[in-house]
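The figures that follow rest on heavy atoms only: side chains count, while hydrogens, waters and symmetry mates do not.
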Amino acid sequence: MRLSLAAIGQLPEGIAEPGYDPTAYGVGIVHMGIGAFHRCHMAVYTDDVLANTGGDWRILGVSLRSSKIRDQLEPQDGLYTVIVRGASGDDAQVIGSVAGVLWAPDDPQRVLEAMSAASTKIISLTITEKGYCLDPATGSLNQAHPDIQHDLVNLGAPKSAIGYLVAALARRRDSGTGPVTILCCDNLSSNGKVVERIVQEFAQQVDSDLAEWIRENVAFPSTMVDRIVPAVEAEQVQAFAEQYGIEDAAVLQTEPFSQWVIEDSFVANARPDWAAAGAELVADVAFHEEMKLRMLNGAHSALAYTGYLTGYETISDTVADPVFERFVHGLWDEIMPT
């Protein structure tokens with residue numbers, strides 16, 4: 001049996017089902033770049049909110065480059081399993097927060113309609129740094145990028161994520177569907193400010209009045225995200241089917257730890273209650289970013305360099321050594337005051 005809405009109520013022991021009827025709630029979020037990280041991070045937080053308080057906050061995913069995730073999730077009604085692998089064993093949970101996935105090249109107009117719908121309160125992104133078409137030297141929009149050049153003259157059928165954002169915002173202005181929040185969940189420092197800047201740079205090229213409308217009607221909160229989500233190979237999909245007796249082409253695995261810090265500056269405060277699901281809603285993300293970069297990333301790099309020189313192959317092997325455990329705690333004692 002393949003995972004789908006029809007399978008709910010018949011899932012084998014050991015797989016937790018959604019704590020709500022997914023069909024009872026509508027879409028309030030359009031997410032661009034619905035890869036493995038998003039489905040183990042933001043989609044899980046949103047699934048928790050739906051189970052606890054409900055609301056029209058389901059997610060319509062958009063894939064910009066590949067139809068793979070659409071092809072995996074469409075036969076499964078958007079459902080997939082997240083396996084959290086911890087020291088005490090595995091916990092498997094079916095996630096119901098994803099209402100479906102669109103492959104943008106297949107129907108760009110349908111994507112733009114979803115992004116500009118009055119019911120869409122948040123447009124979120126995990127498209128990796130490359131997807132923002134940034135000029136690495138200046139941090140501004142790379143207007144020489146082929147996709148950006150295409151979109152500047154073909155905004156009705158965009159290719160880039162930035163082109164889709166600006167085209168959708170133009171539709172919202174023209175149709176009166178109104179303000180929206182754009183929520184970047186990529187590992188970019190001050191990511192909300194970065195996205196706001198490049199959206200403005202693009203909009204100025206096509207319509208200065210639109211740029212002004214965006215300035216007055218669109219929020220760009222910054223976020224900090226963290227969770228390790230390894231790639232799943234075909235052998236692991238098969239192993240899941242053999243262990244649980246159900247086929248899930250989109251099964252994912254992740255670690256127990258998850259962190260999401262969000263600047264609480266949404267248009268009309270329209271957002272799910274992610275704080276109740278464990279996210280941190282703060283006034284300024286910058287302090288949290290600095291803590292992560294110095295304490296987590298800094299310690300990780302230090303363990304990688306010294307562990308490699310000692311002959312260890314992984315971070316887990318390195319930190320299991322009592323010498324390195326003492327080393328990293330001493331390092332943190334130096335980093336924390338900064």
Take His288 and Val282 through the side-chain contact (heavy atoms from CB on, under 4.5 Å) test and state the conclusion after the steps. CA-CA 9 Å; His288 297 266; Val282 301; 3.6 Å; yes

Heavy-atom closest pair, residues Pro221 and Ser265: CG-O, 3.5 Å

Side chain proximity check, Pro272 to Ile29, heavy atoms < 4.5 angstrom: yes

Inter-residue atom distance Ile95.CD1 - Thr46.OG1, 0.5 Å rounding: 10.0 Å

Would you call Arg2 and Ile246 a side-chain contact if the rule is heavy atoms closer than 4.5 Å? no

Can you confirm whether Lys121 sits close enough to Pro179 that some side-chain heavy atom of one is under 4.5 Å from a side-chain heavy atom of the other? no

Okay, side chain of Thr318, backbone of Gly307: is any donor-acceptor separation there less than 3.5 Å? no

Distance-only, no hydrogens or angles: does the Arg58 side chain make a donor-acceptor pair with backbone N or O of Gly100 under 3.5 Å? no

Any residue meeting ring pair (Phe, Tyr, Trp, His ring centres under 6.0 Å) with Phe37, in chain and number order, not counting sequence neighbours: His41

Here the pair of heavy atoms bringing Val237 nearest to Ala249 is CG1-CA, 4.3 Å

Rounded to the nearest 0.5 Å, how far apart are OG of Ser4 and CG of Leu73? 12.5 Å

Quick one about Asn52 and Tyr20 (side-chain donor to acceptor, distance below 3.5 Å, no hydrogens or angles considered), yes or no? no

For side-chain contact (heavy atoms from CB on, under 4.5 Å), just list the numbers for Val199 and Leu169, CA-CA rounded to whole Å, side-chain angles, deciding distance to a tenth of an Å, and then say yes or no. CA-CA 10 Å; Val199 164; Leu169 293 175; 4.2 Å; yes

Within a 6.0 Å radius of atom CD on Glu212, are there more than 12 heavy atoms belonging to other residues, nucleotides or ligands? yes

Answer whether the closest heavy-atom distance between the side chains of Glu325 and His329 falls below 4.5 Å. yes

Distance only, no hydrogens: is a donor on one side chain within 3.5 Å (strictly under) of an acceptor on the other, for Ser140 and Asp135? no

Partner residues of Thr126 under the side-chain hydrogen bond (donor to acceptor under 3.5 Å, both in side chains) criterion, sequence neighbours left out: His31

Tell me whether Val82 shares a hydrophobic cluster with Ile59, the cluster being built from Ile, Leu, Val, Met, Phe, Trp, Tyr side chains joined at under 4.5 Å. no

If you compare all heavy atoms of Thr120 against all heavy atoms of Arg172, which two are closest, and at what distance to 0.1 Å? O-NH2, 3.1 Å

Main-chain N/O of Ala157 paired with Asn154 side-chain donor or acceptor, under 3.5 Å: no

After noting the C-alpha distance and the side-chain angles of Gln76 and Gln72, does the key distance pass the side-chain hydrogen bond (donor to acceptor under 3.5 Å, both in side chains) rule? CA-CA 7 Å; Gln76 300 183 181; Gln72 289 177 340; over 6 Å; no

Can a donor-acceptor pair be found, under 3.5 Å and without considering hydrogens, that links the side chain of Ser190 to the backbone of Lys193? no

Quick one: does Leu210's side chain get under 4.5 Å of Gln204's, heavy atoms only? no

Taking the side chain as everything from C-beta on, heavy atoms only, tell me whether Met1 gets closer than 4.5 Å to Glu247. no

Contact check, side chains of Ile214 and Phe220, non-hydrogen atoms, under 4.5 Å: yes

Nearest 0.5 Å please: distance from the CD1 atom of Ile127 over to the OG atom of Ser63. 12.0 Å

Kindly indicate whether the side chain of Tyr132, heavy atoms from C-beta on, has any atom under 4.5 Å from the side chain of Val195. yes

Keeping Thr177 on the side-chain end and Ser116 on the backbone end, is there a donor-acceptor pair under 3.5 Å? yes

Centroid-to-centroid, Trp260 to Tyr45, below 6.0 Å? yes

Donor-acceptor contact present, side-chain Asp47 to main-chain Ala43, <3.5 Å: no

Would a single hydrophobic cluster contain both Ile228 and Val44, if residues Ile, Leu, Val, Met, Phe, Trp and Tyr are joined by side-chain heavy-atom contacts under 4.5 Å? no

Gap between atom OG1 of Thr81 and atom CG of Asp248 - 0.5 Å precision: 4.0 Å

For atom CZ of Arg215, is the number of surrounding heavy atoms from other residues, nucleotides or ligands below 6.0 Å larger than 12? yes

Residues two or more places apart in sequence or in another chain: which of them pass side-chain hydrogen bond (donor to acceptor under 3.5 Å, both in side chains) with Asn191? Thr223

Could you walk me through whether Arg173 and Asp209 pass salt bridge (Lys or Arg N to Asp or Glu O under 4.0 Å), step by step? CA-CA 10 Å; Arg173 178 196 62 175; Asp209 290 340; 5.6 Å; no

Is there a path of hydrophobic side-chain contacts, each under 4.5 Å between heavy atoms, that joins Val30 and Trp57? no

Asp151 vs Ser160, side-chain hydrogen bond (donor to acceptor under 3.5 Å, both in side chains): CA-CA, chis, key distance, verdict: CA-CA 7 Å; Asp151 292 353; Ser160 71; 2.6 Å; yes

Which heavy atom in Gln10 sits nearest to a heavy atom in Glu17, and how many Å separate them? N-OE2, 3.7 Å

Any side-chain donor-acceptor pair under 3.5 Å between Arg294 and Thr338? yes

Sorted by chain and residue number, the side-chain contact (heavy atoms from CB on, under 4.5 Å) partners of Asn269 (sequence neighbours excluded) come out as Asp264, Arg271

Do Val49 and Val225 land in one hydrophobic cluster if side-chain heavy atoms of ILVMFWY residues count as linked below 4.5 Å? yes

Chi angles and distances behind the side-chain contact (heavy atoms from CB on, under 4.5 Å) call for Leu102, Arg70: CA-CA 6 Å; Leu102 302 178; Arg70 189 269 316 263; over 6 Å; no

Stepwise side-chain contact (heavy atoms from CB on, under 4.5 Å) test for Val94 and Leu3: CA-CA 9 Å; Val94 172; Leu3 180 62; 4.1 Å; yes

Between atom CD1 of Ile15 and atom CD1 of Ile83, what is the distance when rounded to the nearest 0.5 Å? 8.0 Å

Nearest atoms (heavy-atom pairs only) where Ile122 meets Phe266: CD1-CE2, 3.9 Å

Thr310 meets the side-chain contact (heavy atoms from CB on, under 4.5 Å) criterion, sequence neighbours left out, with Tyr312, Phe324

Please assess Lys130 against Asp147 for the test salt bridge (Lys or Arg N to Asp or Glu O under 4.0 Å), listing each intermediate value before the final yes or no. CA-CA 12 Å; Lys130 184 178 180 181; Asp147 288 353; over 6 Å; no

Shortest non-hydrogen contact from Leu125 to Ala161? CD2-CB, 4.3 Å

Donor-acceptor check, side chain of Tyr80 to backbone of Arg39, threshold 3.5 angstrom: yes or no? yes

How long is the gap from SG on Cys133 to CD1 on Ile198, to the nearest 0.5 Å? 7.5 Å

Any donor-acceptor N or O pair under 3.5 Å, side chains Gln238, Glu242: yes

Indicate, with yes or no, if Val27 and Met115 share a hydrophobic cluster defined by side-chain heavy-atom contacts under 4.5 Å among Ile, Leu, Val, Met, Phe, Trp and Tyr. yes

For Tyr244, check side-chain hydrogen bond (donor to acceptor under 3.5 Å, both in side chains) against everything at least two apart and list the hits. none

